[in-house]
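Keep in mind that the numbers below use all heavy atoms, side chains included, and drop hydrogens, waters and symmetry copies. If you're wondering where the values come from, they're calculated on a predicted model, not measured in any experiment.
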Amino acid sequence: MIEPSIKHREHRMEWSDIKVFLQVVRGGTMTEATASLRMDHSTISRRIARLEREAGVPLFERAGRRLAITPEGARMAEAAEKLESIILREVMSLSESRAMISGKVRIGCTEEFGAHYLAPRLWNIAREYPELDLELVALPRSFSLATREVDVVVTMDRPASGDIRFKKLTSFAYGLYGASSYFGDRPRPARVSDLSGDTWCGPIRELLHTSELDLVGIDDAFLEPRFRTTSVTAQLATVLSGSAIAILPCFVAGDHPQLERLLTAQVCPLRNYWIAVHEDLAESPRVRVVMDGIGKAVAQDRSRFLAEERDHAAVNMLLEKQDAAVIGPIARLITIPSREIEIQRGV
């Protein structure tokens with residue numbers, strides 16, 4: 001047990017130890033923190049012990065492999081996050097005040113947006129800013145801005161908590177697609193009721209990271225996929241092989257002329273992409289040029305995301321039902337006040 005020091009002494013906490021402490025808090029175990037910190041378990045344990053000695057109080061209660069943060073540890077974490085924010089917002093901006101934009105920006109996004117749209121367009125940003133290093137994490141999962149897992153996130157879920165700024169990037173259409181070879185020995189469907197006998201490829205519903213991807217219901221009819229995968233790219237490959245049909249983003253399937261879009265008027269669900277950044281990085285020049293670059297590219301390709309059917313009655317009706325088309329320029333990002341997220345964290 002760590003006893004508070006009776007005699008006054010100078011506390012010399014190291015910022016490097018505080019960073020280790022924050023990563024352990026965010027991961028919940030020292031094992032989880034080893035990968036992000038690139039330290040072994042014993043080194044992390046020593047750094048935490050040293051910080052506890054300097055603080056004069058225990059920061060964690062050990063419960064097997066898990067760590068339960070103490071009330072004193074929670075106060076330390078809150079103070080450390082404030083300090084981290086100051087460093088990100090103030091100190092890092094000093095180097096970025098130069099004319100040259102430099103440094104690393106990590107973008108987290110959905111697999112289909114990253115792999116099938118953003119990846120070939122990031123070069124335009126990189127070419128304009130040669131000192132800028134870009135990292136693209138395109139996976140079917142959620143990303144945390146609060147833990148600095150990524151700097152910018154493109155998500156299908158409208159952000160609802162966290163010290164973040166965000167805007168709507170675009171709406172995008174899904175369509176029902178099949179390869180010409182799939183219909184070699186079967187008729188093309190003329191109505192939704194004709195789909196019950198088809199072979200479907202779709203998501204593994206219990207592994208979806210967002211309900212926005214649950215697209216196996218059409219006109220109140222549930223369509224049971226025979227082939228299931230967590231990957232949109234894998235769904236696309238299955239459809240291209242002629243093995244099954246699937247509901248795919250039109251901006252993904254539209255690149256493949258061998259695919260046919262079916263029941264266009266009946267099957268045209270719309271979803272949204274939102275782009276978000278943590279409040280601490282919202283004014284960072286390197287982050288803003290990346291967000292502006294993504295926003296500009298998407299705005300130019302709006303018809304691609306809506307499958308060039310903006311004049312289609314079904315698409316227009318769905319767009320009119322949405323809350324707002326695009327919420328202003330990047331400079332007018334919506335901010336979620338801190339007081340609304342005192343309990344919920346981790347966006």
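Without hydrogens or angle criteria, Glu149 side chain to Ser144 main chain gives a donor-acceptor distance under 3.5 Å. Looking at Glu61, its side chain never comes within 3.5 Å of a backbone N or O of Ala68 through a donor-acceptor pair. Although no hydrogens or angles enter the test, the distance criterion places no donor-acceptor pair under 3.5 Å between the side chain of Glu279 and the main chain of Asp163. Panel note: side chain Thr110, backbone Thr155; no donor-acceptor pair is recorded below 3.5 Å. With Thr70 contributing its side chain and Pro58 its backbone, the two residues share a donor-acceptor pair below 3.5 Å.
Note on Phe143: it does not cluster hydrophobically with Leu22, by side-chain heavy-atom contacts below 4.5 Å among ILVMFWY residues. Hydrophobic clustering (side-chain heavy atoms under 4.5 Å, transitive across Ile, Leu, Val, Met, Phe, Trp, Tyr) keeps Val239 apart from Phe227. Clustering ILVMFWY residues whenever any of their side-chain heavy atoms sit less than 4.5 angstrom apart, transitively, puts Leu136 in the very cluster that holds Val287.
Between Cys268 and Arg261 the shortest heavy-atom distance is CB-NH2, 3.7 Å. For Ala77 against Ile69, the heavy-atom pair with the smallest separation is CB-CD1, 4.2 Å. In terms of heavy atoms, Gly293 sits closest to Ile125 at CA-CD1, 3.9 Å. Nearest heavy atoms, Ala80 versus Ile18: CB-CG2, 3.5 Å. Lys104 and Asp151 get closest at one heavy-atom pair: O-OD2, 3.8 Å.
For the side-chain hydrogen bond (donor to acceptor under 3.5 Å, both in side chains) condition, the pairs that include at least one residue of residues 241-251, sequence neighbours left out, are Ser241-Ser243. Within the structure, salt bridge (Lys or Arg N to Asp or Glu O under 4.0 Å) contacts touching residues 236-260 (residues at least two apart or in different chains) are Arg188-Glu260, Asp255-Arg304. Pairs of residues two or more places apart, or lying in two chains, that qualify as ring pair (Phe, Tyr, Trp, His ring centres under 6.0 Å) and include a residue from residues 13-44 are Phe21-Phe60.
With respect to the salt-bridge test (charged N to carboxylate O, under 4.0 angstrom), the residues Arg47 and Asp17 qualify. By the 4.0 Å N-to-carboxylate-O rule, Arg148 lies close enough to Asp280 to be salt-bridged with it. Look at Arg165 and Glu283 and you find a salt bridge, because one of the NZ, NE, NH1 or NH2 atoms lies within 4.0 Å of a carboxylate O, short of that distance.
In the hydrophobic clustering (ILVMFWY side chains linked at under 4.5 Å, chained through shared members), Ile204 is joined by Leu207.
Counting heavy atoms from C-beta outward, Trp200 and Arg226 have side chains that stay 4.5 Å or more apart.
Within a 6.0 Å sphere centred on CZ of Arg75, other residues, nucleotides and ligands contribute 12 heavy atoms or fewer.
Take Gln235 and apply the side-chain hydrogen bond (donor to acceptor under 3.5 Å, both in side chains) test, not counting sequence neighbours, and it matches no residue. Listed by chain and residue number, nothing satisfies the side-chain hydrogen bond (donor to acceptor under 3.5 Å, both in side chains) test with Thr199 (two or more places apart in sequence, or in another chain).
Ring centroids of Phe172 and Phe113 are separated by 6.0 Å or more, keeping the two rings apart.
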